[in-house]
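This report refers to the structure that appears directly beneath it.
For the numbers below, each heavy atom of this structure counts, side chains included, while hydrogens, waters and symmetry mates do not.
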Amino acid sequence: MRISRARSRAGLSMAATLPLLAGALALGIPSASADSAPGGRDALQGTKPAWATAQADQGATADSGKVSVRVHLAGRDAAGLAAYAAAVSDPQSSSYGKYLSAEQAQARFGATQQQIDEVSHWLTSNGLTVTGANQHYVSATGDVAAAEKTFSTQLHNYRKGSRTYRAPSATASVPAGLGRAVLAVSGLDNAPHKSSQDEVLPPPDAVFRNAGPFSTYYGSNTASSLPSAYGSKVPYAVKGYTGKQLRSAYGAGSFSGKGVTVAITDAYASPTIAKDAAEYAKRNGDAPYAKGQLRQVLPADYTATEECGASGWYGEETLDVEAVHAVAPAADIVYVGGASCYDADLLDSLNKVVDHRLADIVSNSWGDVEANETPDVAAAYDQVFKLGAVEGIGFYFSSGDAGDNVASTGTKQVDVPSNSAWVTSVGGTSLAVGKGDAYQWETGWGTLKAGLADDGKSWTDFPGAYTSGAGGGTSSTVKQPSYQRGVVPDALAQANGKTRMRTEPDIAAVADPNTGFLVGQTQTLPDGSLGYDEYRIGGTSLAAPVIAGVQALAQQAQHGRPIGFANPGIYARYSSKAYHDVTDHPLGAGRDLAVARVDFANSADASDGLLTSLRSLGKDASLKAVKGYDDVTGVGTPAAGYVNSYR
């Protein structure tokens, strides 16, 4: 079943038609029990979505309709979990670094068998059928009438835009005796079934190639025959940075990530990842993979492959694996694939990492806009992030590829789950690595595109239209965590009102696909055969695994001691030599920057012609990279002093 809305690979945002919902957990310590409701019951706040208004009400849902829900379990001590997760992550706390094993975390904070049994009995006694149970949730199905009886609410159909959705007409609740056991319930709101049949994963996407000419390093090849921009000739885009260049830019030094394990979560799994990763390393100077260094943990089967665009996720996994290995060539990598791109399956992947402590660092290049996340799902995500924190596991999420999201959704908003106060949100930059792999500068990633005029003498509608950029901004649902106080300017933290709110990102790395990373992948060639090919790629889908790799280096520098939830330490290093303080005008006020890019019209070869365009740098919608903390790059990007600061 589909528990919530699909998560997309970073950069593939859905239109935000849902109003924002308040109530997602912040870094503070939550109440372990629900609020009071009539009739001796405890309310589950956030279960009635804001779009379920009286004006949109289309009447009661038929009693015979089917409902599938997950009752997320609060565990033994929700408040204690939040408190310990904060303390163990705070360098100023006496509990700092005193992590628990997965078994200890479960014994101290996980749900008890008694809680699982009580919730299961309650569901079945009201006419629902329990379909699964574990330490995180109890899942159940049944008809609408049984669900209404169970959660003491009525389910109605509501018109929203051109579609009709089912949702509770009032806040759902649970019996008072279960209030402390239940964290949230998801599935009452808009939860259509998925196909129950086994689905076969499709072949890789059609080949994508960059045309060139290229620069081998930033500025090495000037587009002298093309029109000037911003008062000078511009360089051609780089062919794609490799590990040696990224390691130099972000201060890897002699560290390799040895002894550290990085997990990657995405949906589905590339059938050629091991072969592609090995070939890429061989061609581009990365260390070969040792036996067992790259492994996969996969579900028994997959669902919603067409709806989620499964083959598109192959490229995501490939990028993530190759980027982590390029930056941290000795780190172990474990890929944990989701059965689909929906919350239920992605949560299951994250829970696997925590339940079995599969890794120290978790890179996640997927998300959605904040308007599409409800408090019940946010609570479920935060719980796994907090459990990870007490075990010394850090989660890193792409901040998104649509800037402030106005162009893609019509509403200024941030992305999720990167808005969580319990994860590290990774923003993006345009990176200039020069001759000898020397770091030159970075701007915030934000692209304006102007095509070459037919006469070849000017750029059409210069500087052009906005295409993409690093996600960032101020949350409307998550309050400001303590580690951001005194660092994030009030002009950002209070952008949505008087209350200071969570601002993202926290840190950044290269993301601009015009100064991006070279990736190698088996693709479907024009003749229908499969073959390995390489292309330049970017997005905060790149920035997240790059930062995960840097964190692996930092953990090695820290003599292998887990960094865990990194944000308190990241902000403690603010305004130091640990970071490049990125601005949109690194060469001086008023000096704008751009590159020229040439693409195949058909994405494969020159048979259908070439497309030449100018890509301006540092133009991220309403977001600006400025001196100090900003909502494009956070505290900045890792400098030569960053990894060494963990010694």
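- In this view, Tyr335 and Ile264, Asp266, Ala269, Gln296, Leu298, Glu317 satisfy the side-chain contact (heavy atoms from CB on, under 4.5 Å) rule, not counting sequence neighbours.
- Thr443 and Trp445 are not linked by any side-chain donor-acceptor pair at a separation below 3.5 angstrom, with hydrogens and angles left out of the test.
- Every ring-ring contact (aromatic ring centres under 6.0 Å, His included) that Tyr439 has, sequence neighbours left out, goes to His580.
- Taking all atoms of both residues into account, the shortest heavy-atom contact from Phe565 to Ala421 is CZ-O, 3.2 Å.
- Atom OG1 of residue Thr467 and atom CG of residue Asn514 lie 7.5 Å apart, to the nearest 0.5 angstrom.
- Judged purely by distance below 3.5 Å, without hydrogens or angles, the side chains of Asp415 and Ser418 never pair a donor atom with an acceptor atom.
- Taking 4.0 Å as the cut-off between side-chain N and carboxylate O, Asp360 and Arg357 count as a salt-bridged pair.
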Inset, instruction - Determine, step by step, whether Gln480 and Met501 satisfy the side chain to side chain contact (heavy atoms under 4.5 Å, CB included) criterion, reporting the C-alpha distance in whole Å, the side-chain angles of both residues, the deciding distance to 0.1 Å, and the verdict. - result: CA-CA 4 Å; Gln480 184 182 73; Met501 304 296 284; 5.6 Å; no
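- Every residue two or more places apart in sequence or in another chain that forms a salt bridge (Lys or Arg N to Asp or Glu O under 4.0 Å) with Lys244 is listed here: Asp437.
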Inset, instruction - Go through Asp332 and Arg295 one step at a time and tell me if the salt bridge (charged side-chain N to carboxylate O under 4.0 Å, His left out) criterion holds. - result: CA-CA 8 Å; Asp332 289 335; Arg295 65 189 183 95; over 6 Å; no
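- The side-chain hydrogen bond (donor to acceptor under 3.5 Å, both in side chains) search around Ser475 returns Glu370, Thr477, not counting sequence neighbours.
- Closest heavy-atom contact between Asn210 and Phe208: ND2-CE2, 3.5 Å.
- For the side-chain hydrogen bond (donor to acceptor under 3.5 Å, both in side chains) test, residues two or more places apart in sequence or in another chain that qualify with Gln521 are Tyr535.
- A donor and an acceptor atom, one from each side chain of Thr540 and Asp401, are located under 3.5 Å apart.
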Inset, instruction - List the steps, then state whether side chain to side chain contact (heavy atoms under 4.5 Å, CB included) holds for Tyr250 with Ile547. - result: CA-CA 9 Å; Tyr250 294 133; Ile547 288 296; over 6 Å; no
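- Shown here are the ring-ring contact (aromatic ring centres under 6.0 Å, His included) partners of Tyr579, two or more places apart in sequence or in another chain: Tyr642.
- Using a cut-off of 4.0 Å between Lys/Arg side-chain N and Asp/Glu carboxylate O, Lys275 and Glu279 are scored as not salt-bridged.
- Within a 6.0 Å radius of NZ in Lys352, other residues, nucleotides and ligands contribute more than 12 heavy atoms.
- A side-chain donor from one of Gln135 and Asp355 sits under 3.5 Å from a side-chain acceptor of the other.
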Inset, instruction - List the steps, then state whether side chain to side chain contact (heavy atoms under 4.5 Å, CB included) holds for Leu346 with Tyr381. - result: CA-CA 10 Å; Leu346 293 169; Tyr381 275 111; 4.0 Å; yes
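- Pairs of residues two or more places apart, or lying in two chains, that qualify as salt bridge (Lys or Arg N to Asp or Glu O under 4.0 Å) and include a residue from residues 533-545 are Arg209-Asp533.
- No side-chain donor-acceptor contact under 3.5 Å links Asn419 and Arg502.
- Every ring-ring contact (aromatic ring centres under 6.0 Å, His included) that Phe397 has, sequence neighbours left out, goes to Trp366, Phe385.
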Inset, instruction - Take Asp512 and Ser430, measure what side-chain hydrogen bond (donor to acceptor under 3.5 Å, both in side chains) needs, and give me the verdict at the end. - result: CA-CA 5 Å; Asp512 186 348; Ser430 302; 2.7 Å; yes
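- The shortest non-hydrogen separation linking Val595 to Tyr218 is CG1-CE1, 3.7 Å.
- Side-chain contact between Trp441 and Leu587 is present, with heavy atoms from C-beta onward closer than 4.5 Å.
- A search for salt bridge (Lys or Arg N to Asp or Glu O under 4.0 Å) contacts involving Arg247 returns nothing, not counting sequence neighbours.
- No more than 12 heavy atoms of other residues, nucleotides or ligands sit less than 6.0 Å from atom CZ of Arg591.
- Between Asp631 and Lys624 there is no salt bridge, since no side-chain N of the basic residue sits under 4.0 Å from a carboxylate O of the acidic one.
- Between the side chains of Ser420 and Asp382, at least one donor N or O sits under 3.5 Å from an acceptor N or O.
- When all heavy atoms are compared, the tightest approach of Arg108 to Leu100 is CD-CD1, 4.1 Å.
- Counting only distance, with no hydrogens or angles, the side chain of Gln558 and the backbone of Gln555 share no donor-acceptor pair below 3.5 Å.
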Inset, instruction - Check the pair Leu350, Asn364 against side chain to side chain contact (heavy atoms under 4.5 Å, CB included), reporting the backbone distance first and the verdict last. - result: CA-CA 10 Å; Leu350 295 172; Asn364 311 273; 3.5 Å; yes
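- Screening residues 564-574 for side-chain hydrogen bond (donor to acceptor under 3.5 Å, both in side chains) gives Thr424-Asn567, Tyr483-Asn567, Gln484-Tyr571, Asp506-Asn567, Asp506-Tyr571, Arg573-Ser645 as the qualifying pairs, with residues at least two apart or on separate chains.
- How far CZ of Arg561 is from OH of Tyr99: 9.5 Å, rounded to the nearest 0.5 Å.
- Checked against side-chain hydrogen bond (donor to acceptor under 3.5 Å, both in side chains), Gln104 has the following partners two or more places apart in sequence or in another chain: Ser101.
- Contacts of Tyr396 classified as ring-ring contact (aromatic ring centres under 6.0 Å, His included), with partners at least two apart in sequence or in another chain: none.
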